[in-house]
Amino acid sequence: MLAYALRRIAQAVPILFLVSLISFGIMQLVPGDPAAMLAGPNATPAELAQLRQNLGLDRSFLVQLGIFYSNLFHGDLGHSLILGQPVLETVIERSPISISLAIYSLVLTVLFGISIGMVAAMRHNRILDQVAMVIALLGVSVPNFWLGLVMIVLFSVQLGWLPTGGYVPFTEDPIAWLRSATMPAISMALMQIGLLARLTRSTMLEILGQDYIRTARAKGLRETTIIVRHAMSNVLMPIVTVIGMILSVLLSGSVIVETIFAVPGIGALLGNAILARDYPMIQGGLLFVASALLLLNIAVDLVYAWLDPRVRLQ
Amino acid sequence: MALIKARLLACTAVAAGLLSWGTAAAQAEICGRKGGDLVFGMEAKLSTLDQHVNAANATRNVAMNIFETLMTRDENMAPVLDLAESLDVSDDGKTYTFKLRPGVKFHNGKPLTSADVAGSFARYKRVGIDRSALDAVDRWETPDDATFRIILKEPRATFLESISASTVPIVIVPADQSNAEPTQLKPIGTGPFELVEFVADSHVKVKRFDGYVPNKTLKGISGFAGQKEACLDTVTFRTLAEPGARTAALETGEVQIVEDVPTLSRERLTKNKDIKVVQLDYAGLNLTYPNLSQAPTDNLKVRQAILASLNMEDIMDAASDGAFSLNPSFQFPGQTYYSEAGSELYNQNNPEKAKALLKEAGYKGEKVVLLTTRDIPRAYTTALVMSEQMKAAGINAELLVLDWPTALGMSVNENKGWNFFFTTWITVTAQGGAQSLRNLADPSNVHKPVGNKSDEEFMKQFNILSSSPDLEKRKEAFAKAQARVFDQVMAIPFGAIPKIQATRANVEGYVPFFNTRVSNVWLKQ
């Protein structure tokens, strides 16, 4: 197991190098000028040139790349051109916001996604199955920005239950955190709930059709026992993989949801950095997110290997 | 110089006259009540409070409640003294001696001295985005703690306009900040509010600065100047970028003031008795400028044909959802330099004339690329309607829709690939005659004239506008320069757009301005 874990971590290093190189290269190729964004449309050519020089944007691609890697090896992701703060510090500050929202969304996704999917599978082709699949389809189809605005009108303006936006850290006030995070978490979770419900249903149906389940039924075991003791462990295998992917999606944040609910998470940070062509923030932020996602993937693979020892040997 | 002194006094008088609407509480008691916390819902995301290196409206909205300047602009955008209590100009017009107001303190408790002013000017000259405002300066001196003296290379009549401009103001910070790198300025000012917390893209919280010493030259607030008082305990500027969420937050009472209310929401909010809608009628000038280095807009007749084809009412109606005023000038009615010179060429709506001009120009259906962005819906809609009007006149108009940074980068850096660029002048127009035409004058030249040399006749008038000591001559020069801009089609103003804001009914003393002012604002119980 340890050898497997080390092998997976070793594989991550070249991936991170590639991610850093690609993100650096792409940002240099994308049109747009951070100096023009900072100075506005009315700056004189001389002022723009001076600003580019101040920001180090007048240097060649290779020089900039060299500085980037030199800083990177010293654990420095650079300074944001717009915020003026160290990239690493900013990303670390924003991460808990996105992580807490992602975990909240994941809990909702797992609870509702798996429940809806299992109910649908156990009531296959009956009315409950059809209702569950309509809900899942709605979840997949409804755009999260629309849902966000509808929820604001309903829960904030009409009912006055939840704040329209903003974010309160969990450590500051858990109740206020719950109130501020609920609508963003639901907005982010809904599509994933739909996807997970459909996956759970189809996996469950496939497992329930297997010979060993038929044998169990023939032996006269109760349906609950069959589901919990025999089917669940096999159903969980593909679900664990998908949950890892879902968490990746949730963690990388939703720019739109964070914008609607004014949540200053990683998604909003990177979205704004891209709009402002804040190169160091984009490069550093992407690298940080990629590292987090790689670690997450490794963790998921380890769980997978723990659930199914055959994986370790492949 | 007696003339400038007289003008400054006149500005003060004009500003004082405006106070009847400038603030409801300009009497003995500015604050109807002291205390309370106010939340302001901002449209724009705020990235930095370093006022020297950021031209964004969002930065100015917050920072101008924290910082102050040596000179600033009053309600009518005329230059007035702010941290200075007097100004003496030498007879040769080259030496400006400012005496600082006594007793002024920074938020860190240190007293303001001329060394702080010198340090702030030095930083601005080094990293300030609008540092060309100091081009005329030869040097500055600090003969004593209360005196700051600027010596110009040669007299410049608009020097005070330049150093008081609020687009990227020369805010005064402690001298130890003079070496701070761009975006690294600590937000320590002398203003009525001091910083409590700044979370980029989320919120900025400020609180009353108890050591604040107001400028009592004017009774009450006027523009960025005047007698300011922090009535509120704290103000939190929250970023609420999504218009629906922003207005919803006002309706629920989570925020007490919001900016940029969508025109379509205005009617609904007006019916709500808990909400007051406030509007600044002339907030921005919707406009486009051509690229004079790219065919076919390098051809004057083609540009004139395009101008002749336009119906400004239809363009503005679509671009603003009906909230607009036609405005045949680069200034707004009521501003010192407002002129309708050249307005016969504005809003012609004459496709037949356009066709005749195209024939004269030898136009053979070459593509005219309208560079715009969906990130700013007004710019996109304006370009879209304009392109349809151009097509109706037989012009091969084509939209090039890019994201804002790419479109802006292209318009700033490229002489090819586009024919018209769409934007809105807000502070540019607000700053006065010379500032509003500066973008079309050497060396700014947003319209990319060949060899980066602007029209000779225009430059002649612009130079008078920038340097004549006689206001009437400057106004005349502005009118002539504006007429030349219309004639040569160096830029096309479509019309004025308002700034619609809304407050909860218990907010008192809030008066809309180009920027957000939370001084002299209080909450009724």
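- Contact annotation for B:Arg238: only side-chain heavy atoms (C-beta onward) come within less than 4.5 Å of a heavy atom of chain A.
- Between the CZ atom of A:Arg277 and the CG atom of B:Asp403 there is a distance of 4.5 Å, given to the nearest 0.5 Å.
- Within the 4.5 angstrom heavy-atom criterion, no atom of B:Val168 approaches chain A.
- For A:Ile152, the part lying near chain B is the side chain, with the backbone staying farther off; criterion is any non-hydrogen pair under 4.5 Å.
- Within 6.0 Å of CZ in A:Phe68 there are more than 12 heavy atoms belonging to other residues, nucleotides or ligands.
- The distance from atom OG of B:Ser202 to atom CD of A:Glu258, rounded to the nearest 0.5 Å, is 11.0 Å.
- The two residues A:Pro264 and B:Ala200 come nearest to each other via the heavy atoms CB-O, 4.4 Å.
- Side-chain contact between A:Thr259 and B:Lys45: present, with at least one pair of heavy atoms (C-beta onward) separated by less than 4.5 Å.
- Within a 6.0 Å sphere centred on NZ of B:Lys125, other residues, nucleotides and ligands contribute more than 12 heavy atoms.
- Heavy atoms of A:Leu275 lying under 4.5 Å from chain B belong to its backbone as well as its side chain.
- Residues B:Arg246 and A:Thr164 bring no donor and acceptor atom of their side chains to less than 3.5 Å of each other.
- Taking every heavy atom of both residues into account, A:Gln85 and B:Gln184 meet most closely at N-NE2, 4.5 Å.
- Heavy-atom neighbours of B:Lys416 NZ from other residues, nucleotides or ligands within 6.0 Å: above the threshold of 12.
- Applying the 6.0 Å contact sphere to CD1 of A:Ile175 captures no more than 12 heavy atoms from other residues, nucleotides or ligands.
- Atom CD of B:Glu242 sits about 5.5 Å away from atom CD1 of A:Ile260, to the nearest 0.5 Å.
- Annotation: the span from A:Ser156 atom OG to B:Glu251 atom CD amounts to 10.5 Å, rounded to 0.5 Å.
- When each of B:Asn413, B:Leu240, B:Asp50, B:Asn54 is scored by its heavy-atom pairs under 4.5 Å with chain A, the top score falls to B:Asn413.
- The OG1 atom of B:Thr48 sits 8.0 Å away from the CG atom of A:Leu83 when rounded to the nearest 0.5 Å.
- Comparing B:Pro243, B:Gly253, B:Ala56, B:Ser132 by heavy-atom pairs within less than 4.5 Å of chain A, the highest count is held by B:Ser132.
- Options B:Gly409, B:Gly244, B:Ala407, B:Ala245 differ in how many heavy-atom pairs under 4.5 Å they form with chain A, and the most are formed by B:Ala245.
- Between A:Asn272 atom CG and B:Thr239 atom OG1 the span is 9.0 Å, to the nearest 0.5 Å.
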